[in-house]
Amino acid sequence: MAEQTYDFTAIEKAWQRQWAESRLYEAPDQPDPAKSFYMLVMFAYPSGDIHMGHFRNYIIGDAVARKQLMLGKAVLHPFGWDAFGLPAERAAIKRGVHPADWTNQNIAMSRATLQEAGISFDWSREVASCDPDYYKWTQWLFTQFFKKGLAIQKKTWVNWDPIDKTVLANEQVKDGIAERSGAKVEKKELVGWYFAITKYADRLIDDLEQLPGWPDAVRRMQTEWIGRSYGLEVDFTVEETGEKLPIYTTRPDTIYGATFMVVAPESELIDRLGLTGDDLERVTAYRQQALTKSEIDRTAAGEKDGVFTGKYVINPYNGERVPLWVADYVLAHYGTGAIMAVPAHDERDFAFARKYGLPLKLVIRPKADVSLVISEMDDAYAGPGFIENSGQFDGIPAGEEAINAFSTYAESEGFGRRRTNFKLKDWSISRQRYWGCPIPIIHCPKCGPQAVPDDQLPVVLPRVESYMPKGRSPLADVPEFLNTTCPKCGGPAERDADTMDTFVCSSWYFLRYIDPKNETALANWDQVKAWMPIDLYIGGITHATGHLIYFRFFTKVLKDLGYLDFDEPATRLFNHGMVMDAEGEVMSKSKGNVVSPIELMRTRGIDVSRLAMFFTAPSEMPVLWSDDSVTGVEKFTHNRFWPLAESYRGTTDALKQSLSRDGLSGYERDIYVKLNQTIKRVDEDSEKLQFNTCIAALMELVREYDASKISSDTLNDRVILTAIQLIAPMAPHLAEELWQRCGQEGSVFRSAWPSADPEALTGDQVTIAVQVNGKLRDTIAVAADAGQGDIEAVALGSSRVQQHTDGKAVVKKIYVPGRLLNIVVKG
RNA sequence: GCGAAAGUGGCGAAAUUGGCAGACGCGCUGGACUUAGGAUCCAGUUCCUUAAUCGGAGUGGGGGUUCGAGUCCCCCCUUUCGCACCA
């Protein structure tokens with residue numbers, strides 16, 4: 001046979017055409033749930049180019065999807081576009097292209113790239129969140145939430161982005177900086193829509209235990225983000241008026257040590273204090289400057305400041321009178337927006353007390369007979385100990401036991417109650433921007449906010465020509481959109497002019513893939529039950545406390561609404577590592593260090609590019625990409641793997657003929673064992689998404705394979721066909737071509753994934769490491785079935801071993817079957 | 001500041017989870033074949049010592065548990081990530 005070189009371009013194009021024609025990757029609508037696999041990668045924001053990070057993400061999912069196909073599963077492996085959002089608007093303003101056109105162009109470009117890359121997406125199920133057929137159901141979900149009281153309108157202090165001129169959710173602000181625009185976030189009081197995610201806070205934490213297939217890091221981050229704490233709400237009272245001022249504390253056992261109380265500047269409690277004169281002036285001035293400070297300036301660790309209100313409050317436990325302060329280190333939205341300050345035992349209160357000369361009072365002694373001395377303290381004491389100076393509670397160990405005693409007392413006296421608090425806030429979803437999903441609410445002056453009836457959905461986003469951010473939604477200036485009639489009374493009414501946070505659109509897209517063209521329902525719920533939950537969800541860890549909480553929340557709501565019968569959307573989550581340049585810098589256009597995957601695939605081949613990415617590091621680790629990474633796998637592919645087909649001998653049914661270790665001898669037996677060891681390694685490591693070692697195992701097999709030493713045609717062909725199957729998930733075009741060249745019928749992806757012959761996983765001989773006192777002294781080759789006695793005899797006969805045992809007494813011998821013998825000597 | 005994860009050759013990494021450290025690959029060195037080679041093939045490649053074996057050291061540093069530690073425990077150092085006044 002004339003040697004043929006590996007013409008990857010022709011091969012890759014030809015197979016992509018063939019796969020599309022045979023609709024190999026189209027998923028059935030209603031699979032057998034026991035034999036289905038939902039492989040999901042996070043859908044993409046259509047920025048126009050596919051970078052190395054996308055490429056890595058998608059080839060990992062692709063390899064899994066292909067292996068599952070070979071395992072005989074019905075595989076759903078869809079893709080789509082997270083298509084609403086601010087960058088489209090920015091591009092529109094900058095270049096004068098309408099956001100819809102800009103988005104559609106980018107989708108077309110990105111889709112073409114992914115199709116050229118040969119990823120096994122089922123393109124017949126593609127969705128885009130900006131498509132009215134899609135966002136009709138985003139709106140329908142909103143109305144469902146609204147009817148259940150889970151979409152609520154509130155006036156609250158919000159994160160305001162002064163550059164993008166819109167509200168941001170908590171999850172979109174990092175360190176007081178807006179994630180997208182980079183602006184310092186300001187506080188602003190606004191009316192907007194919220195999803196009542198806090199009602200699900202407990203379940204969102206507790207159900208994480210149902211997710212052993214999720215990385216611990218993500219579960220921990222979510223737990224901390226939701227931030228559950230158990231504490232006590234205690235009513236202090238204003239001395240003059242007797243009005244209740246509740247505080248929240250997780251340490252009620254330190255309440256006798258409260259020497260002042262602090263209220264957040266936003267708190268309306270202050271308005272009810274009846275402040276006058278200097279007090280009013282001072283407090284008002286402080287409140288105003290605190291509120292105009294940006295989030296980052298305000299929360300910057302360091303100096304705390306505040307002002308005295310001139311008022312005093314009474315501690316209900318001991319009747320003590322303590323001063324009431326206003327300070328911005330107390331957060332308005334957490335607990336009651338007010339705290340008791342125990343400077344002796346809380347670091348922050350300590351710092352504040354020192355700054356303003358407020359007194360300290362000790363209520364915990366570290367040991368039963370050792371008290372602290374205030375004048376010697378340069379930090380608060382937050383350690384263990386025993387309660388003191390606290391009347392009837394003295395002597396109780398501080399912490400859980402004391403907290404219980406104090407809490408029970410407050411409840412029985414009626415001035416306090418146990419409460420659970422969360423750091424998680426309700427999800428702010430109103431955005432004062434154009435390019436988003438319209439909120440399907442009609443504001444009627446008589447009937448209040450009304451959900452748009454189902455038969456009037458979708459509320460179509462009108463095509464407007466002005467989308468400059470002005471601090472209120474551009475849709476508010478479109479009378480044809482705005483003016484409508486109330487669905488309840490028929491009177492004149494106005495539509496809500498805000499659009500939804502794009503994270504709403506991405507919280508349910510995985511359901512739409514299952515039945516993307518359904519016009520009468522979000523999806524056929526029977527089909528949803530057959531495919532869901534997602535078997536493997538792959539994406540970056542950046543979404544740990546955003547999207548990955550939101551989509552769990554949506555799933556739980558839909559379960560409560562009776563549409564779903566499961567609590568969690570994805571049983572296994574995998575966060576792939578980042579792709580950076582060779583110096584470890586994040587790739588970005590401004591740095592000019594971007595490597596284009598499409599360029600790489602065109603010059604070196606798709607499969608070689610994939611193998612290079614897989615081989616460089618296990619999937620969860622970061623990759624510092626350099627084109628040098630390609631060299632090794634490229635040589636392997638062209639010079640070692642591709643020529644395998646020429647050694648193929650054309651046995652019929654080489655994969656089905658029976659072969660056994662006992663029926664073979666010499667090299668044939670060795671290569672048969674090696675083949676089965678390789679199957680086992682590739683199978684196990686690919687399950688863990690460790691494709692780097694899968695490739696290493698295949699390299700070893702191919703190097704050891706020598707056709708000239710094999711007389712059995714069946715064995716020879718078995719090795720070749722199996723190797724092709726094992727590499728197929730990682731190098732699909734190459735495998736498909738070789739499969740066909742070896743005369744196999746149909747696609748390699750319809751062939752059965754190899755399983756290892758359990759009788760053929762060990763060779764005839766094993767190498768035993770011989771140690772003396774734990775140090776390696778020799779290795780000996782023995783028959784695989786040799787007993788411990790035989791092995792000890794050989795080991796003790798070794799001169800290298802004797803060198804270290806002569807003249808010494810053997811104390812004991814430790815034998816690890818098939819691996820190691822350790823001889824312990826003394827003297 | 002709090003929390004978590006990770007530190008293994010010149011480089012990317014492997015190590016059956018407590019059992020031969022460095023598989024596989026890059027790079028490098030030497031050789032073969034070549035008019036030529038940045039192609040291909042073969043051999044070597046943790047460090048020290050050695051002609052080579054032998055021997056010794058070795059998984060960020062220090063201690064510990066164990067017959068045996070990259071792996072488990074304690075204390076440091078460094079890096080990365082997450083949270084960042086949540087009372």
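The sequence lines fix the lettering, A, B, ..., with proteins before strands; numbering per chain opens at 1. Just so it is clear, the structure is predicted and the values come from calculations on it, not from any experiment.
The separation of G7(B) from U71(B), taken at their C1' atoms, amounts to 14 Å, rounded to a whole angstrom. Comparing the same atom, P, in G64(B) and in A15(B) gives a spacing of 30 Å after rounding to whole Å.
When the C1' atom of A84(B) is taken as reference, atom NZ of Lys304(A) falls 11 Å away, rounded to whole Å. If you measure from atom CZ of Phe614(A) to atom P of G25(B), you get 19 Å, rounded to the nearest angstrom. Rounded to whole Å, atom P of U17(B) lies 13 Å from atom CG of Asp685(A). Note: CD (Glu620(A)) to P (A5(B)) measures 15 Å, nearest angstrom. In this structure, Asp379(A) atom CG and C2(B) atom C1' are separated by 14 Å, rounded to whole Å. Counting to the nearest Å, the P atom of G82(B) and the NZ atom of Lys423(A) are 16 Å from each other.
Of the inter-residue distances, the one linking His804(A) atom NE2 with Arg777(A) atom CZ reads 3.5 Å to the nearest 0.5 angstrom.
Residue Asn639(A) is classed as a sugar-phosphate contact, given heavy-atom separations below 4.0 Å to backbone atoms only. As judged by a 4.0 angstrom heavy-atom cut-off over every strand, Val824(A) is placed among residues touching the sugar-phosphate backbone only. Backbone-only engagement by Met621(A) is indicated by non-hydrogen atom pairs under 4.0 Å involving sugar-phosphate atoms exclusively. Among the atoms of the strands shown, none is found under 4.0 Å from any heavy atom of His638(A). Thr767(A) comes within 4.0 angstrom of a nucleotide base, judged by non-hydrogen atoms across all strands. Among the heavy atoms of the strands lying under 4.0 Å from Gln771(A) is at least one base atom, whether or not backbone atoms are also near.
Ring-centre distance between Phe641(A) and Tyr6(A): not below the 6.0 Å cut-off. The ring of Phe260(A) has its center closer than 6.0 angstrom to the ring center of Phe352(A).
Residues Asn421(A) and Ser229(A) have side chains that never bring a donor and an acceptor to within less than 3.5 angstrom of each other. In the model, Asp216(A) has no side-chain atom that pairs as donor or acceptor with a side-chain atom of Trp214(A) under 3.5 Å. Using a 3.5 Å distance cut-off with no hydrogens or angles, the side chains of Tyr230(A) and Ser407(A) do not pair a donor with an acceptor.
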Secondary-structure string, 5' to 3', Watson-Crick or G-U under 3.5 Å, | for another-strand partners, for RNA chain B: (((((((..(((......[....)))((((((.......))))))(((......)))..(((((..]....))))))))))))....
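The listed nucleotides are A23(B), U40(B), C20(B); the one nearest the side chain of Leu776(A) is C20(B). Checking A4(B), C42(B), U40(B) against the side-chain heavy atoms of Arg220(A) singles out A4(B) as nearest. Residue Pro618(A) has its side chain nearest to A13(B) when only A13(B), C20(B), A87(B) are considered. When each of A23(B), G12(B), G19(B) is scored by its nearest atom to the side-chain atoms of Phe615(A), the top-ranked nucleotide is G12(B). Minimum atom distance to the side chain of Thr779(A) is reached by C20(B), of the listed C20(B), C85(B), A14(B). The side chain of Met699(A) lies closest to C24(B), out of A87(B), C24(B), G55(B). For Val330(A), whose side chain is taken as the heavy atoms from C-beta onward, the closest listed nucleotide among C83(B), A87(B), A4(B) is A87(B). For Ala696(A), whose side chain is taken as the heavy atoms from C-beta onward, the closest listed nucleotide among C83(B), A87(B), A23(B) is A23(B).
In this structure, Gln172(A) and Asn159(A) have side chains that are not in contact, with every pair of non-hydrogen atoms separated by 4.5 Å or more.
At A87(B), one or more side-chain N or O atoms of Tyr334(A) fall inside 4.0 Å of OP1 or OP2 (strictly under the cut-off). Under 4.0 angstrom from either OP1 or OP2 of G19(B) there lies no side-chain N or O belonging to Asn822(A). For Ser229(A), a side-chain nitrogen or oxygen approaches OP1 or OP2 of A87(B) to under 4.0 Å. Contact annotation: Lys775(A) does not reach the phosphate of C67(B) (side-chain N/O to OP1 or OP2, under 4.0 Å). For Arg800(A) and C54(B), the shortest distance from a side-chain N or O to OP1 or OP2 is below 4.0 Å. Between Asn692(A) and G12(B) there is no side-chain polar atom (N or O) within less than 4.0 angstrom of OP1 or OP2. Between C24(B) and Arg703(A), a contact under 4.0 Å exists linking OP1 or OP2 to a side-chain N or O.
Taking 3.5 Å as the limit, the base of C67(B) and the side chain of Lys813(A) contain no donor-acceptor pair of atoms between them.
Remark on RNA chain B: of its neighbouring residues Arg777(A) and Tyr329(A), the 5'-side contact belongs to Arg777(A), judged by nearest-heavy-atom nucleotide. Mapping Phe422(A) and Thr616(A) onto RNA chain B by nearest heavy atom places Thr616(A) closer to the 5' end of the strand.
Residues in residues 677-686 of chain A take part in these side chain to side chain donor-acceptor pair (under 3.5 Å) pairs, two or more places apart or across chains: Lys67(A)-Asp683(A), Lys67(A)-Ser686(A), Lys680(A)-Glu684(A), Arg681(A)-Glu700(A), Asp683(A)-Trp753(A), Asp685(A)-Thr693(A). Residue pairs meeting the salt bridge (charged side-chain N to carboxylate O under 4.0 Å, His left out) criterion with at least one member in residues 223-235 of chain A, sequence neighbours excluded: Asp202(A)-Arg228(A), Asp206(A)-Arg228(A), Glu233(A)-Arg417(A), Glu233(A)-Arg419(A), Asp235(A)-Arg417(A).
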